[in-house]
Amino acid sequence: MHDVLWPESARWERLVARFAALVEGAGYGLAITPIVEHVGIFNRGIGEGSDVVGKEMYTFVDRDGQVMALRPEGTAPVVRAYVQHHPVPPWKAWYVAPSFRHENPQHGRYRQHFQLGVEALGPSDADLDVEVIALAFDFIASLGLHQVILKVHSMGNEVCRPGYVELLRAFLAEHRSQLCGPHQARFEQNPLRVLDCKTPECEDVTEAAPRFVDNLCEPCAAHFARVRAGLDALDVPFVVDHRLVRGFDYYTRTTFEFASGAIDAAQNALGGGGRYNGLVEMLGGPPTPGIGFGLGIERILIACDAEGVFATEAPPLHAYVIDVTGGESAVLLTAELRRAGFRVDRGFDGRSMKSQFKSADHSGALVALVIGDRELAEGTVGLNPLRSDGEQRDIPRSDIVDELRALLS
RNA sequence: GUGGGCGUAGCUCAGUUGGUUAGAGCGCCAGGUUGUGGUCCUGGAGGUCGGGGGUUCGAGACCCCUCGCUCACCCCA
């Protein structure tokens with residue numbers, strides 16, 4: 001858990017605004033779903049055997065005795081909302097929302113983190129996979145990130161996956177003694193997880209293991225081929241990662257992940273996603289294909305820092321009002337300027353001219369507007385350019401808005 | 001869930017084998033300049049030394065417990 005304060009928070013606003021503009025331009029609408037859901041929403045789709053469900057969910061019993069969970073990811077709640085409200089497909093939604101995982105924090109991994117994402121329900125068309133992946137890629141690229149690797153894979157469907165899993169299980173059984181310690185004991189429960197293991201022992205074994213892409217059924221193979229062709233056509237660079245096995249059970253066919261090469265840490269995954277053609281049914285809806293992705297805002301910003309792009313910059317104030325005549329004039333002038341659309345702050349507590357000027361300087365404002373006894377008597381305001389060398393000028397009180405507008409244009 | 005590291009002023013950190021009233025730099029406030037910031041000088045405010053318990057004549061320091069942060073493992077965003 002961590003706080004995000006000004007001016008870092010201004011960067012978050014820009015990031016989210018950019019994402020919203022991009023995906024809304026592709027037909028996605030904002031979906032706001034509750035932070036808490038019945039725990040079953042997550043158990044059913046993500047999978048009882050996954051780490052997220054097994055040991056990372058923030059669950060609690062509410063006053064009615066129901067087991068609730070703070071959402072650990074963004075897809076399941078949006079799909080639940082689809083099932084509940086049955087909008088007409090194709091239905092495209094995007095979200096920005098906090099997610100929770102009860103694990104020990106470290107750099108780039110938080111118990112509460114924010115995810116940006118989209119979900120598209122209805123079409124099974126591979127072209128939709130291409131659209132979704134390209135949106136995520138374009139967003140990441142628009143931030144200025146270059147050292148990002150897009151990994152794509154296909155995990156087949158209910159037709160071909162069981163056969164492949166058995167093939168892999170048999171292969172791993174033959175090489176059991178060469179696997180890492182933990183996997184020698186439990187590779188049979190979920191052979192796919194061994195592909196994801198980063199120990200040199202397991203990597204040596206899986207390097208020669210049968211590959212999913214060689215064992216896809218005909219429709220899945222055709223789907224994957226079209227996805228790759230589409231990404232090529234859009235100049236979205238990617239690698240096929242035969243070890244890419246994402247942690248949630250609901251994925252079918254296309255899966256993908258973005259990893260930063262600029263982050264020197266284990267937490268280099270910026271986000272990922274995939275197709276989940278069975279999830280809507282699992283949550284009680286009609287058979288409906290779907291695909292989506294989630295991106296971790298904190299991770300993306302860490303990557304931006306690492307690459308020196310998308311820096312924190314807070315929009316400056318236009319003006320800072322200094323009033324040493326009691327404050328009534330500042331109340332009026334500040335309100336008038338704000339109503340005219342300017343970004344304005346002011347000094348309070350009747351502090352000295354000198355100290356209000358210091359505050360004006362520290363506020364970052366472009367100009368100071370000074371009201372002293374003389375200006376008050378003459379009906380003027382002193383306009384002092386804080387960011388350039390010009391002299392302070394007296395402006396008639398009634399001309400201030402026009403003067404500022406001309407100055408800042 | 002497992003294993004390290006760290007908690008002293010708003011921030012970054014000193015603080016000797018346990019020994020007067022816990023310090024510095026930066027920041028903040030004020031004055032120098034009775035109407036002017038960004039430079040300079042002077043002064044000032046600000047601390048239950050994360051919390052609780054213990055050892056001791058005496059604890060910021062040593063011991064135990066606890067909370068928080070942090071890094072790594074597992075896994076993930």
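The shown structure was predicted, so the numbers you read here are calculated from the model rather than taken from an experiment.
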Test for a donor-acceptor pair under 3.5 Å between the base of [N] and the side chain of [X], counting only N and O atoms.
{"X": "Q392(A)", "N": "U36(B)", "answer": "yes"}
{"X": "R109(A)", "N": "C74(B)", "answer": "yes"}
{"X": "D361(A)", "N": "G37(B)", "answer": "yes"}

[N] versus [M] - spacing of their [atom1] atoms, nearest Å:
{"N": "C49(B)", "M": "G7(B)", "atom1": "C1'", "answer": "10 Å"}
{"N": "G60(B)", "M": "A9(B)", "atom1": "C1'", "answer": "14 Å"}
{"N": "C75(B)", "M": "U8(B)", "atom1": "P", "answer": "34 Å"}
{"N": "G25(B)", "M": "G44(B)", "atom1": "P", "answer": "13 Å"}
{"N": "C67(B)", "M": "A24(B)", "atom1": "P", "answer": "35 Å"}
{"N": "G27(B)", "M": "U42(B)", "atom1": "P", "answer": "14 Å"}
{"N": "U21(B)", "M": "G47(B)", "atom1": "C1'", "answer": "14 Å"}
{"N": "U70(B)", "M": "G31(B)", "atom1": "C1'", "answer": "42 Å"}

N/O (side chain, [X]) to phosphate O (OP1/OP2, [N]) under 4.0 Å:
{"X": "S355(A)", "N": "A30(B)", "answer": "yes"}
{"X": "H113(A)", "N": "A77(B)", "answer": "no"}
{"X": "Q106(A)", "N": "U70(B)", "answer": "no"}

Would you indicate which nucleotide in [options] comes nearest to any side-chain atom of [X]?
{"X": "L386(A)", "options": "C28(B), G37(B), C76(B)", "result": "G37(B)"}
{"X": "K358(A)", "options": "G37(B), U36(B), A77(B)", "result": "G37(B)"}
{"X": "R387(A)", "options": "G37(B), A77(B), C71(B)", "result": "G37(B)"}
{"X": "A269(A)", "options": "C75(B), C28(B), A77(B)", "result": "A77(B)"}
{"X": "H107(A)", "options": "A72(B), C76(B), G35(B)", "result": "A72(B)"}
{"X": "V370(A)", "options": "G35(B), G31(B), C71(B)", "result": "G35(B)"}
{"X": "R374(A)", "options": "C71(B), G31(B), G35(B)", "result": "G35(B)"}

Checking base pairs now: Watson-Crick or wobble, both atom distances under 3.5 Å. What partners [N]?
{"N": "U17(B)", "result": "none"}
{"N": "G1(B)", "result": "C73(B)"}
{"N": "U33(B)", "result": "none"}
{"N": "U39(B)", "result": "none"}
{"N": "G7(B)", "result": "C67(B)"}

Considering every strand and a 4.0 Å limit on heavy-atom distances, what is the contact class for [X]: base, sugar-phosphate, or nothing?
{"X": "A360(A)", "value": "nothing"}
{"X": "Y320(A)", "value": "nothing"}
{"X": "E375(A)", "value": "base"}
{"X": "E103(A)", "value": "base"}
{"X": "G382(A)", "value": "nothing"}

Could you check whether [X] pairs with [Y] (Lys NZ or Arg NE/NH1/NH2 to Asp/Glu carboxylate O, under 4.0 Å)?
{"X": "R109(A)", "Y": "E103(A)", "result": "yes"}
{"X": "D305(A)", "Y": "R11(A)", "result": "yes"}
{"X": "E403(A)", "Y": "R397(A)", "result": "no"}
{"X": "K92(A)", "Y": "E24(A)", "result": "no"}

Spacing of [X] atom [atom1] relative to [N] atom [atom2], expressed in whole Å:
{"X": "I263(A)", "N": "C76(B)", "atom1": "CD1", "atom2": "C1'", "answer": "13 Å"}
{"X": "Q356(A)", "N": "U36(B)", "atom1": "CD", "atom2": "C1'", "answer": "11 Å"}
{"X": "D323(A)", "N": "G35(B)", "atom1": "CG", "atom2": "P", "answer": "14 Å"}

Original post:
Any cation-pi pair here, R226(A) with F224(A), using under 6.0 Å and within 45°?
Top reply: no
Original post:
Cationic tip of R71(A) within the cone over F42(A)'s six-membered ring, i.e. under 6.0 Å and within 45° of the normal?
Top reply: no
Original post:
Taking C-beta and beyond as the side chain, do V367(A) and L407(A) meet within less than 4.5 Å on heavy atoms?
Top reply: yes
**OP:** Using the closest heavy atom to pick a nucleotide of RNA chain B for each, name whichever of H362(A) or H102(A) lands nearer the 5' end.
**Re:** H102(A)
Original post:
Heavy-atom count around R343(A) CZ within 6.0 Å, excluding the residue itself: above 12?
Top reply: yes
